[in-house]
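See below for the structure under consideration.
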Amino acid sequence: MTNENLHQASVRGHVSHKSLRRSVHLAFKDSIRLRARTISVSPFGFTIMSPLQISKGKICEIAFDIPLDGKIRKVNAISAIRDCVCIGTEGFRTRLNYIQLDQHSRSAISDLMQYPY
């Protein structure tokens with residue numbers, strides 16, 4: 001999917017998400033490190049379950065992996081917290097948008113979006 005197609009899908013509100021349950025590491029500028037679990041991934045961002053509430057707009061470095069065709073693909077990015085909502089005892093459902101995503105990470109996410117499951 002090209003960037004133009006992704007943009008058009010986003011404008012129409014039909015960006016696909018893929019379920020992905022993986023450990024994700026978040027590192028914030030104030031030296032706080034946090035481990036959470038991914039819930040879903042899209043070309044523009046992802047959703048995690050966090051044990052802590054994270055302020056909207058906070059910037060962090062993230063790292064997680066995507067298993068595809070028997071291989072592990074690494075995703076590293078700089079992301080911003082879009083929103084964070086308490087989901088009872090399960091933790092905080094937190095949505096993040098990618099701010100900076102390298103080509104290898106973008107390729108891994110693109111391949112996941114096209115994966116037939």
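Grouping Ile, Leu, Val, Met, Phe, Trp and Tyr by side-chain contacts under 4.5 Å, direct or through others, puts Val85 with Ile39, Met49, Ile87.
Listed by first then second residue, pairs satisfying salt bridge (charged side-chain N to carboxylate O under 4.0 Å, His left out) with a partner in residues 32-52 number zero, not counting sequence neighbours. Contacts classified as side-chain hydrogen bond (donor to acceptor under 3.5 Å, both in side chains) and involving residues 46-59 (residues at least two apart or in different chains) are given here: Asp30-Lys58. Applying the salt bridge (charged side-chain N to carboxylate O under 4.0 Å, His left out) test to pairs two or more places apart or on separate chains, those with a residue in residues 79-89 are Asp83-Arg95.
Pro43 and Ser16 get closest at one heavy-atom pair: CD-O, 3.7 Å. Closest approach of Leu112 and Leu68 over heavy atoms only: N-CD1, 3.8 Å.
When the ring pair (Phe, Tyr, Trp, His ring centres under 6.0 Å) test is applied to Phe64, the partners found at least two apart in sequence or on another chain are Phe46.
Distance check, rounded to the nearest 0.5 Å: CZ of Arg21 to OG1 of Thr38 gives 7.5 Å. A distance of 4.5 Å separates CG in Leu26 from CD1 in Ile48, rounded to the nearest 0.5 Å.
Side-chain contact between Arg93 and Cys84 is absent, with no heavy-atom pair separated by less than 4.5 Å. Inter-residue side-chain proximity for Pro67 and Leu20 is flagged as met; some heavy-atom pair is nearer than 4.5 Å. No side-chain heavy atom of Ser19 sits less than 4.5 Å from a side-chain heavy atom of Val41. Using a 4.5 Å heavy-atom threshold, the side chains of Leu34 and Pro51 count as touching. In this structure, His25 and Ile62 have side chains that are not in contact, with every pair of non-hydrogen atoms separated by 4.5 Å or more.
A single hydrophobic cluster is seen to contain both Leu52 and Ile81, as judged by linkage of ILVMFWY side chains at heavy-atom distances under 4.5 Å, directly or through other members. In the hydrophobic clustering of ILVMFWY residues, with side-chain heavy atoms under 4.5 Å counting as a link, Ile109 and Ile99 come out apart.
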Can you give the donor-acceptor pairs under 3.5 Å from side chains of residues 69-79 to other protein atoms, not counting sequence neighbours?
unit_1, atom_1, unit_2, atom_2, d
Asp69, OD1, Tyr115, OH, 3.3
Arg73, NH1, Asp111, OD2, 2.8
Arg73, NH2, Ser107, OG, 3.3
Arg73, NH2, Asp111, OD2, 3.1

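Of the possible polar contacts, one joining the Thr94 side chain to the Phe92 backbone as a donor-acceptor pair under 3.5 Å is found.
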